[in-house]
Amino acid sequence: MDHKNVVTRYAPSPTGFQHIGGIRTALFAYLWAKKNNGTFILRIEDTDKNREVEGAIQHTIDALGWLGIDYDFGPDKPSDEIGPFLQSDRLETYKQYAQKLIDKGLAYPDPYTADELTAFREAAQAEHRPFLYRDHRPTEFAEWDGTKPLRFKTPEIKRYTWQDAVRGELTAGEEALDDFIIIKADGYPTYNFAHIVDDLEMGVTHVMRGEEFISSTPKFLSLYDALDIPYPVFVTLPPIMGPDGKKKLSKRDGAKDLLEYNDDGYLPTAMWNFLALIGWNPGGEQELFPGDELMDAFSLEKIQKSGGAFNEEKLRWMNKEYIAQLSEAEQEAYVFDALPDLDKATLAKLVPTILERVHNKVEIKANAEAGEYAWAFADVDYDPTILKWKNDEQASDAAPRLQKAAELLSEANFDSPESIKGALWNYAEEVGRGELLWPLRVSLSGRERSPDPFTCAYVIGKKATLVRIEQAIEKLS
């Protein structure tokens with residue numbers, strides 16, 4: 001691999017499923033790598049075995065796959081040059097780098113018990129001062145045999161200043177530096193150590209992560225310096241805020257596992273577009289960025305410092321826009337998946353009507369449960385008084401108009417709603433549109449609110465249309 005090229009990574013821990021915040025990080029890292037003809041890596045930081053959730057790694061792979069984030073290397077896409085991509089398979093590598101620090105006198109085994117460390121912390125608290133492990137650093141170091149945690153000896157206590165691609169110049173003082181554990185007693189590395197080693201070994205040039213890591217950056221810089229590693233480009237991403245914009249998005253605000261959005265009928269193109277615009281502002285009025293347009297427009301300079309709100313209404317709107325861009329066959333498959341138990345031939349005719357007023361599959365299912373589509377699949381029953389048009393003295397005034405409509409429709413072509421409309425429109429203009437169309441629509445749907453009568457007739461077909469009109473006339477008599 002040419003390490004001069006842009007290399008980014010997404011490195012989640014398998015301690016849960018994928019949510020909006022993490023996936024937005026993956027998307028930005030992917031976009032920047034691909035925009036620069038670089039490499040995007042999926043690395044799994046599975047060093048905390050006690051918190052690991054079964055199936056979380058595969059879930060991450062599935063989530064990225066659904067969204068269309070295609071990594072170049074990962075647990076299921078090996079590379080002989082820079083792998084493996086599970087940290088649990090890289091323990092010997094971490095030991096080698098730990099030994100480099102030991103040889104420099106910059107790492108030592110922690111000699112204290114848990115009770116002793118607790119006593120140190122309580123004493124610091126009683127004296128109203130921060131607890132710093134380096135205040136208790138031993139003067140002589142024992143040889144590390146792997147049975148005790150290995151700590152990094154911070155070589156220099158100083159103020160660090162560094163550049164961030166989004167935040168500009170950042171700085172932190174001595175209080176941010178301490179002797180931290182790099183290898184735990186179980187032999188697994190900590191995040192503070194492992195991610196730096198991995199990024200070096202994998203040639204990562206840009207590290208994208210949340211603002212919660214800013215306070216730890218001096219620790220990282222101290223370790224970079226100790227290992228003579230050049231700094232990558234730090235890219236601090238803004239937080240994703242709740243709908244009110246006042247606090248970070250949480251499960252209480254509706255944050256869900258990413259693949260739940262797939263189950264709800266959100267298209268990956270819509271989610272991709274939506275996530276990109278949370279904390280990144282391309283400028284201008286354009287909001288829909290299909291295909292490669294998003295990649296072409298993306299830049300680090302336009303990542304915002306402040307958080308962006310998670311606006312589900314905007315996501316719903318985007319999804320509806322992208323559904324409208326699907327082919328007829330794709331739209332049909334979308335609705336079939338939402339309503340698998342309904343007659344496919346009838347449902348296919350109803351697809352444009354269903355999609356007209358919904359944003360996702362959840363709404364399609366809810367409308368079906370509310371009976372909005374029932375008229376298309378079963379006979380209708382209703383109170384004949386709702387056949388009365390507002391200008392009529394009584395409901396039965398509609399009977400002769402319905403009779404005439406039946407005569408016209410018996411000779412009509414039912415290939416489309418337009419052809420049905422063509423058979424009736426002159427007569428509707430003659431007697432009054434509402435006078436004909438209201439009772440005709442009610443007779444076909446049994447509802448005061450339903451699609452127009454031409455659509456209803458097309459969906460149920462000529463035979464059912466004529467039968468329902470005849471039944472309406474009988475009701476009126």
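Basis for what follows: all heavy atoms, side chains included, without hydrogens, waters or symmetry-related copies.
Remark: aromatic rings of Phe298 and Phe289 are distant, center separation not under 6.0 Å. In summary, the aromatic rings of Tyr191 and Phe213 are positioned with their centroids under 6.0 Å apart.
Annotation: cation-pi geometry satisfied between Lys421 and Trp425 (NZ/CZ under 6.0 angstrom from ring centroid, within 45° of ring axis).
Looking only at distances, no side-chain donor or acceptor of Arg9 sits under 3.5 Å from a matching main-chain atom of Phe40. With Arg447 contributing its side chain and Gly371 its backbone, the two residues share a donor-acceptor pair below 3.5 Å. Within the 3.5 Å criterion, the main-chain N or O of Ala368 finds no donor-acceptor partner in the side chain of Glu372. Asp397 places a side-chain N or O within 3.5 Å of a backbone atom of Glu393 that can act as its donor or acceptor partner.
Taking the side-chain contact (heavy atoms from CB on, under 4.5 Å) definition, one finds that Val166 meets it with Asp164, Val235, Ile303, Lys305, sequence neighbours left out. With sequence neighbours left out, Lys49 forms a salt bridge (Lys or Arg N to Asp or Glu O under 4.0 Å) with Asp46, Glu52. With sequence neighbours left out, the side-chain contact (heavy atoms from CB on, under 4.5 Å) criterion links Tyr458 to Lys349, Pro417, Ile420.
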Notebook entry, point to check: Hey, mind stepping through Phe193 and Tyr188 against ring-ring contact (aromatic ring centres under 6.0 Å, His included) and telling me if it holds?
Noted result: CA-CA 10 Å; Phe193 181 54; Tyr188 284 92; over 10 Å; no
* Asked: So Lys256 and Asp264, salt bridge (charged side-chain N to carboxylate O under 4.0 Å, His left out) or not? Walk me through it.
  -> CA-CA 11 Å; Lys256 299 186 290 189; Asp264 290 346; 2.5 Å; yes
Take Thr60 and Gln18 through the test side-chain hydrogen bond (donor to acceptor under 3.5 Å, both in side chains) and record every step on the way to the result.
CA-CA 6 Å; Thr60 297; Gln18 291 298 310; 2.9 Å; yes
Salt bridge (charged side-chain N to carboxylate O under 4.0 Å, His left out), that's the test. Do Arg90 and Asp198 meet it? Break it down for me.
CA-CA 9 Å; Arg90 300 175 59 80; Asp198 289 341; 2.7 Å; yes
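Here Leu409 contributes atom CG and Lys462 contributes atom NZ; the two are 8.0 Å apart, rounded to the nearest 0.5 Å. Distance check: Leu64 CG to Leu258 CG gives 8.5 Å after rounding to the nearest 0.5 Å. Here the NE2-CG distance, from His19 to Leu249, works out to 10.0 Å after rounding to the nearest 0.5 Å. Taking CD from Glu430 and CZ from Arg401, the interatomic distance works out to 11.5 Å, rounded to the nearest 0.5 Å. Between the NE2 atom of His195 and the CZ atom of Arg43 there is a distance of 8.0 Å, given to the nearest 0.5 Å.
Of all heavy-atom pairs spanning Ile23 and Tyr10, the tightest one is N-OH, 4.0 Å.
Salt bridge status for Lys365 with Asp337: absent, with no side-chain N to carboxylate O gap under 4.0 Å. Taking a cutoff of 4.0 Å between a charged side-chain nitrogen and a carboxylate oxygen, Glu332 and Lys344 do not qualify as a salt bridge.
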